[in-house]
*Asks:* 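Input: one structure, supplied below.
Start at 1 with the first residue, then count along the sequence. Values reported hereafter were calculated over all heavy atoms of this structure, with side chains retained and with hydrogens, waters and symmetry mates removed.
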Amino acid sequence: MFPEEYGGAGLDYISYCIIIEELARIDPSIGLIVAAHTSLCSNHIYLAGTEEQKRHYLPKLGTAEWIGCWSLTEPEAGSDAGGTRSQAVRDGDGWVLNGSKTFCTNAHYAQVCVAMLVTDRAASQHGISAFVLDTGVAGFRLGRKEDKLGMRASATGEVIFGDLRVPASQMLGKPGEGFVDSLRILDGGRILDRRALGRNRARCLRPGTQVFQAAPAVRTIHLRVPGDSTQARQHGDRYRGCPAPHLPRRGHAHPQGRREQGIGDAKLFASEMAVRACDEAVQIHGGYGFIKDYGVEKFYRDVKLCTIGEGTSEIQRLVIARQLLKA
Ligand SMILES: Cc1cc2nc3c(=O)[nH]c(=O)nc-3n(C[C@H](O)[C@H](O)[C@H](O)COP(=O)(O)OP(=O)(O)OC[C@H]3O[C@@H](n4cnc5c(N)ncnc54)[C@H](O)[C@@H]3O)c2cc1C
C-alpha cells in the first residue's frame with residue numbers, strides 16, 4: 001500500500017484490506033503475519049519516518065527481504081500502553097535502550113523492529129517515543145516464543161533491550177510522539193475490519209464465514225440432516241445471524257494519518273461477530289466440529305485473537321463510550 005518510490009505496489013488501503021481478507025480466508029495466521037509486517041511496522045515507518053528512514057527500510061520491507069515487527073505491549077502495559085516502562089536514555093549523540101516487550105508478532109523472524117520506549121518519564125504518555133531498530137545489533141535479544149491457543153503459524157514472542165545503543169537517527173517520528181503515533185497505527189490495523197465491513201467482508205469475519213464453507217464438513221451436515229427441515233432451518237438461522245446485515249457506518253476510515261470515529265465500533269462488531277460465527281460453526285458441525293480433521297476448530301481457535309489484539313473488546317467499548325459522551 002506504499003508508493004512505488006518506496007518500493008511499494010502503490011495500492012490503496014482497500015486493496016490492502018482485500019489482500020489480508022483473502023489470506024485470512026485460508027489461514028488467519030498468514031493474514032496476521034502480513035498485517036503486523038505491513039500495517040504496523042512498515043506503516044509506522046511510512047507515516048512517521050524521515051525521508052532517509054523510508055528510503056532505507058521500506059523497499060526491503062516491501063519485498064519481504066526484511067520482515068518487520070512492531071512492539072508496544074509490555075508485561076505491565078497492554079491495554080494501558082501508556083504504562084510503558086522500557087526506557088531510552090540519552091547518551092551523547094544517541095540513546096541507550098533497556099527493557100522488554102511481550103507478545104510481539106514476527107519478533108523471532110524480524111530484521112526490523114519498531115518499538116516504543118519512554119524517553120521522558122515525567123511527560124507520561126507524551127514521553128513515549130518510537131525507535132526503528134535493526135534486530136541484528138548487540139543489545140537486541142529475543143526472549144520466549146509463546147505457545148498459543150490459535151494463530152499458531154504466526155510467531156509471537158518477547159523482545160529484550162539490554163544496553164542497546166542506537167544513534168539518534170534511529171528515533172522514528174518526533175520525541176514524545178511515539179504513543180500518539182501508535183494509536184494512529186493501531187487504527188490502521190483496526191480499519192482492516194472497518195473498511196471491509198462496508199463491503200460485508202472483513203479480515204476477522206473471514207474466518208467466521210470460512211468455517212461455514214469448510215466443504216467436506218458442510219457436505220456432511222447436508223447428508224446428515226437431509227429431510228429434517230426444522231434442523232436445517234435452525235442451521236440456516238445460525239449462519240444468517242452471524243454476519244449481521246446491519247453494519248456500523250459512522251465515520252470514515254483514514255489510514256494515512258488522522259484518527260477517526262467509527263473504527264472502534266467496527267473492530268468490536270467484526271471481532272465479536274467472527275467469534276460468534278466460529279462458535280456456531282463448531283456447534284453446527286457437531287462432534288466433527290471438535291475434531292481436527294475438519295478444519296473448523298482451527299478457525300474457532302484462531303479467531304479469538306480478534307477480540308484481544310490491537311485493542312480488546314472492552315477497550316473498544318471504552319473508546320466508543322468516550323466518543324459518544326464527547327459527541
Ligand atoms: C497472538 C498475539 C499477538 C500480538 N501481537 C502484538 C504485536 O505484534 N505487537 C504488540 O505490541 N502487541 C501485540 N499483542 C498484544 C495485544 O495487543 C495485547 O495482548 C492486548 O492489547 C491486551 O493487553 P494485555 O494482554 O496486556 O491484557 P490486559 O490489558 O491486561 O487486559 C486483561 C483484561 O482486562 C481488560 N481490561 C484492561 N483494561 C481495562 C479497562 N480499562 N476497562 C475494562 N477492561 C479492561 C481487557 O479487556 C482484558 O479483558 C499480541 C497479543 C497476542 C495474544
Side-chain angles (χ1 to χ4, degrees), residues 1-3 5-8 13 36-62 66 68-74 77-101 104 110 112-135 137 139-140 159 161 163-191 253-260 263 310-311 319:
M1 63 180 174
F2 307 114
E5 58 182 304
Y6 301 120
Y13 213 81
H37 169 86
T38 311
S39 44
L40 294 182
C41 176
S42 306
N43 202 31
H44 200 142
I45 296 170
Y46 178 62
L47 289 181
T50 61
E51 193 58 28
E52 201 180 342
Q53 286 169 334
K54 288 193 248 193
R55 291 202 183 276
H56 180 68
Y57 288 105
L58 291 178
K60 285 189 176 156
L61 288 166
W66 289 344
C69 65
W70 187 85
S71 242
L72 175 65
T73 307
E74 296 187 1
S79 299
D80 177 23
T84 296
R85 292 185 178 181
S86 293
Q87 199 169 3
V89 175
R90 194 85 213 203
D91 181 41
D93 285 347
W95 296 88
V96 178
L97 280 51
N98 278 291
S100 70
K101 297 280 176 184
C104 181
V112 182
C113 175
V114 170
M116 271 46 73
L117 294 99
V118 175
T119 48
D120 178 2
R121 200 162 293 285
S124 186
Q125 292 180 352
H126 299 288
I128 296 175
S129 305
F131 290 84
V132 54
L133 306 169
D134 298 310
T135 60
V137 299
F140 187 103
V159 168
F161 315 114
D163 283 335
L164 170 56
R165 285 168 196 280
V166 294
S169 58
Q170 297 304 112
M171 184 178 277
L172 187 59
K174 296 192 180 117
E177 292 196 356
F179 180 76
V180 173
D181 282 346
S182 293
L183 298 182
R184 292 159 63 209
I185 299 302
L186 284 170
D187 275 353
R190 293 168 188 167
I191 286 165
H254 195 288
Q256 305 306 337
R258 284 181 296 126
R259 301 205 66 206
E260 296 279 348
I263 291 169
E310 293 184 335
V319 170

*Asks:* What I'd like to find out is whether the side chain of Trp70 reaches to under 4.5 Å of the side chain of Ser182, using heavy atoms alone.
*Replies:* yes

*Asks:* Using the six-membered ring wherever Trp is involved, compare the ring planes of Phe140 and Phe161 and label them parallel, tilted or perpendicular (cut-offs 30° and 60°).
*Replies:* perpendicular

*Asks:* Have a look at Leu164 and tell me which of Leu117, Leu133, Val96, Asn98 forms a side chain to side chain contact (heavy atoms under 4.5 Å, CB included) with it.
*Replies:* Leu133

*Asks:* Quick one: is the NZ or CZ of Arg90 closer than 6.0 Å to the six-membered ring centre of Trp95, and within 45° of its axis?
*Replies:* yes

*Asks:* Might you confirm whether atom CD of Glu51 has over 12 heavy atoms from other residues, nucleotides or ligands at distances under 6.0 Å?
*Replies:* yes

*Asks:* Heavy-atom count around Arg121 CZ within 6.0 Å, excluding the residue itself: above 12?
*Replies:* yes

*Asks:* Given side chains that start at C-beta, do those of Leu97 and Ser86 come closer than 4.5 Å, heavy atoms only?
*Replies:* no

*Asks:* At what distance, to the nearest 0.5 angstrom, does CG of Leu58 lie from CG of Asn43?
*Replies:* 9.0 Å

*Asks:* Students often mix this up, so state it plainly: with edges at 30° and 60°, are the rings of Tyr46 and Tyr6 parallel, tilted or perpendicular?
*Replies:* perpendicular

*Asks:* If you measure from CG on Leu183 to CD1 on Ile263, what distance do you get to the nearest 0.5 Å?
*Replies:* 11.0 Å

*Asks:* Return the CZ to CG distance between Arg165 and Asp93, rounded to the nearest 0.5 Å.
*Replies:* 12.5 Å

*Asks:* With a 3.5 Å distance limit and no angle check, can you tell me whether Gln53 reaches the backbone of Met171 through a side-chain donor-acceptor pair?
*Replies:* yes

*Asks:* To the closest 0.5 Å, what do you measure between CD (Glu310) and OG (Ser39)?
*Replies:* 6.5 Å

*Asks:* For a quick test of reading the model, state the closest non-hydrogen atom pair linking Met116 to Ala130 and the distance between them.
*Replies:* SD-CB, 3.7 Å

*Asks:* Has the side chain of Ser129 got a donor or acceptor atom that lies under 3.5 Å from a matching backbone atom of Gly178?
*Replies:* no

*Asks:* May I ask you to say whether Asp187 pairs ionically with Arg184, meaning some side-chain N is under 4.0 Å from a carboxylate O?
*Replies:* no

*Asks:* Between Gly82 and Ile128, which heavy-atom pair has the shortest distance, and what is it?
*Replies:* O-CD1, 3.9 Å

*Asks:* Can you name the nearest heavy-atom pair linking Ala110 to Thr135, along with the distance?
*Replies:* O-OG1, 2.7 Å

*Asks:* Looking at every non-hydrogen atom in both residues, tell me the closest pair between Leu172 and Gly49 and how far apart they are.
*Replies:* CD1-CA, 3.5 Å

*Asks:* Between OG of Ser169 and CD of Glu52, what distance do you get to the nearest 0.5 Å?
*Replies:* 7.0 Å

*Asks:* Quick check: do Cys69 and Cys41 have side-chain heavy atoms less than 4.5 Å from each other?
*Replies:* no

*Asks:* Can you tell me if Thr119 uses its side chain to pair, donor with acceptor, with the backbone of Gly127 under 3.5 Å?
*Replies:* yes

*Asks:* Provide the closest heavy-atom pair for Ile185 versus His44 in the form atom of the first, atom of the second, distance.
*Replies:* CD1-CA, 3.4 Å

*Asks:* Begin from the C-alpha positions of Asp181 and Leu47 and carry the test side-chain contact (heavy atoms from CB on, under 4.5 Å) through to its verdict.
*Replies:* CA-CA 8 Å; Asp181 282 346; Leu47 289 181; over 6 Å; no

*Asks:* Minimum heavy-atom separation for Cys104 to Ser71, with atom names?
*Replies:* SG-OG, 3.3 Å

*Asks:* Side chains of Tyr57 and Asp134: does their closest heavy-atom pair fall under 4.5 Å?
*Replies:* yes

*Asks:* Calculate, to the nearest 0.5 Å, the distance between atoms CD and OG belonging to Glu74 and Ser100 respectively.
*Replies:* 6.5 Å

*Asks:* So, Gln170 side chain and Val132 main chain: donor-acceptor pair closer than 3.5 Å or not?
*Replies:* yes

